[in-house]
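Lettering follows sequence order; numbering is per chain, from 1.
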2 protein chains.
Amino acid sequence: MNKKEIKIKTPEVAVDIVIFNLINYKLHVLLIKMSKQPYLNKWALPGGLLKIEESLDNAALRNLQECTSVKDVYLRQFYTFGEPTRDVTKHVVSIGYFALLHNPKLKIINDPRYLDINWVDINSLPELAYDHEQIIKTAIKHLRNELEYTNIVFKLLPKEFTLKELQIIHEIILDKKLDKRNFRKQIFLRNIIKETNKVRINGKYRSRLYTVI
Amino acid sequence: MNKKEIKIKTPEVAVDIVIFNLINYKLHVLLIKMSKQPYLNKWALPGGLLKIEESLDNAALRNLQECTSVKDVYLRQFYTFGEPTRDVTKHVVSIGYFALLHNPKLKIINDPRYLDINWVDINSLPELAYDHEQIIKTAIKHLRNELEYTNIVFKLLPKEFTLKELQIIHEIILDKKLDKRNFRKQIFLRNIIKETNKVRINGKYRSRLYTVI
DNA sequence: CCAAAAGTGTTGCGGTTACACCCATGT
DNA sequence: ACATGGGTGTAACCGCAACACTTTTGG
């Protein structure tokens with residue numbers, strides 16, 4: 001008698017994490033390559049089943065930390081995906097989280113479920129396992145929406161950043177060009193950053209560094 | 001050998017529905033009284049376990065229709081609650097939905113889980129089972145938020161309504177007084193309602209009825 | 001004639017947008 | 001000297017908020 005024969009069929013619960021990171025002024029997400037059928041060699045989001053007596057936020061953080069070494073991370077639930085067909089093998093309801101962080105170290109993969117791990121530009125996603133493309137698209141919408149109400153964008157930047165960088169991130173997430181002077185006016189008006197006395201030297205150009213208040 | 005002994009412990013999945021309705025110009029939610037320990041005689045939200053191979057939206061609609069007779073209903077997922085302690089007996093992850101409707105017929109209760117069913121003013125909630133108070137509070141926040149972006153508020157009104165009624169709903173949900181002239185200007189500007197040639201007579205007063213475009 | 005609700009416009013302010021030139025520096 | 005990016009201010013416009021009186025009608 002093995003487990004499968006006696007298992008009572010109920011939907012299972014998982015979390016999937018859309019981990020955003022900015023590389024070369026492009027928004028990337030962390031993907032892992034799967035080691036098992038039916039999604040062998042397909043890319044997918046990090047994630048996994050919720051453990052009994054574990055909170056959703058914990059499960060998200062745990063799965064995040066299996067891939068990256070991070071301390072201060074913005075991690076937020078944004079939507080739950082439950083179509084019975086989203087996983088071809090069984091019915092799994094997945095709670096979507098997105099994370100914002102800045103160039104974290106990736107951990108060596110020691111998870112047998114994963115063959116590889118990589119940052120992928122959100123504009124050049126490969127074919128993804130499950131409904132993970134939809135999850136990423138939905139995450140981007142929520143990220144865009146939150147940008148307008150919160151200061152989460154700083155989580156994608158290093159401690160010290162230039163105004164140009166800050167503007168570019170806004171442009172990427174909102175997917176439109178912004179006016180330099182209006183952008184700076186607005187930022188200063190909101191009183192959320194302050195000058196440092198440092199300057200970033202980039203070739204012959206130098207620009208002032210700022211930091212979050 | 002019974003089921004309990006061989007059951008593999010995993011979190012279960014449920015949906016809970018916050019059904020909003022407007023009664024006497026007050027926002028109400030539908031609550032049911034529970035028939036079983038440990039929440040015997042406690043009020044709770046309608047809801048129930050997700051069936052295998054059932055979509056979340058379907059589960060929400062099914063549970064909604066067990067209580068009310070509705071055709072056109074606005075039903076929307078807003079957040080997922082998964083604290084292991086939210087149900088004292090087992091670990092249930094619950095996907096929260098809210099529904100907007102106008103004075104639906106309540107069905108006779110034929111669900112053995114329910115002793116009673118009732119509309120309750122959101123400002124005089126009794127002590128609730130599980131974390132349902134938190135779920136309702138969260139639903140109200142999301143309702144308020146959506147009000148600013150969408151036209152969902154009409155789902156709480158009859159087909160034909162007065163501008164006064166429309167304004168009152170906005171005031172209730174936003175929890176603040178609005179200026180009559182500004183409100184009407186805005187509504188007309190948005191081009192979302194049109195005049196009917198009917199008039200509501202209320203005692204000695206009469207006001208024009210409008211309908212959604 | 002008085003009380004109560006319906007209905008109707010204008011003005012001012014504040015925030016957003018549009019827009020162009022100078023500076024510093026490395027080649 | 002010139003090419004490139006960094007940095008800065010003003011004017012027009014639009015949406016939002018504040019605000020009060022007239023009309024109707026039942027008692």
Rounding to a whole Å, what distance do you find between [X]:[atom1] and [N]:[atom2]?
X: B:Leu174; N: D:dA17; atom1: CG; atom2: P; result: 11 Å
X: B:Glu148; N: D:dC16; atom1: CD; atom2: P; result: 12 Å
X: A:Arg190; N: C:dG15; atom1: CZ; atom2: C1'; result: 14 Å
X: B:Asn182; N: D:dC14; atom1: CG; atom2: P; result: 19 Å
X: B:Leu209; N: C:dG7; atom1: CG; atom2: C1'; result: 15 Å
X: A:Gln186; N: D:dT8; atom1: CD; atom2: P; result: 17 Å
X: A:Phe183; N: D:dT8; atom1: CZ; atom2: P; result: 14 Å
X: A:Ile187; N: C:dT16; atom1: CD1; atom2: P; result: 12 Å

Which nucleotide in the set [options] lies at the smallest distance from any side-chain heavy atom of [X]?
X: A:Arg181; options: D:dA17, C:dA4, C:dA20; value: C:dA20
X: A:Ser207; options: D:dG7, D:dA18, C:dT8; value: D:dG7
X: A:Lys204; options: C:dA18, D:dG7, C:dT25; value: C:dT25
X: A:Tyr205; options: D:dG9, D:dG6, D:dT25; value: D:dG6

**Prompt:** With respect to the phosphate group of D:dG26, does any side-chain polar atom (N or O) of B:Arg206 fall under 4.0 Å of OP1 or OP2?
**Reply:** yes
**Prompt:** Are OP1 or OP2 of D:dG6 and a side-chain N or O of A:Arg208 less than 4.0 angstrom apart?
**Reply:**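 Result: no.
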Can you check whether any acceptor in the base of [N] is under 3.5 Å from a donor in the side chain of [X], or vice versa?
X: B:Lys180; N: C:dG7; result: yes
X: B:Asn202; N: C:dA5; result: no
X: A:Lys185; N: D:dT10; result: yes

**Request:** Check A:Asn21, A:Ile117, A:Asn118 against A:Leu30 for a side-chain contact (heavy atoms from CB on, under 4.5 Å) and give me the one that passes.
**Result:**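 Filter result, single survivor: A:Ile117.
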**Request:** Pick out which of B:Asp175, B:Leu156, B:Asn123 makes a side-chain contact (heavy atoms from CB on, under 4.5 Å) with B:Leu27.
**Result:** B:Leu156
**Message:** Using heavy-atom distances to pick each residue's nearest nucleotide on DNA chain C, tell me which of A:Gly203 and B:Glu195 is more 5'.
**Reply:** B:Glu195
**Complete:** Assign each of B:Leu189 and B:Asp179 the nucleotide of DNA chain D bearing its closest heavy atom; nearer the 5' end lies the nucleotide of B:Leu189
**Item:** Residue pair A:Ser55 / A:Leu50: nearest heavy atoms and the distance that separates them
**Value:** O-CD1, 3.7 Å
**Prompt:** Just by distance, do the side chain of B:Asn145 and the backbone of B:Lys141 share a donor-acceptor pair under 3.5 Å?
**Reply:** no
**Message:** Taking A:Gln134's backbone N and O only, do any of them form a donor-acceptor pair with A:Asp131's side chain (distance below 3.5 Å, no angle check)?
**Reply:** no
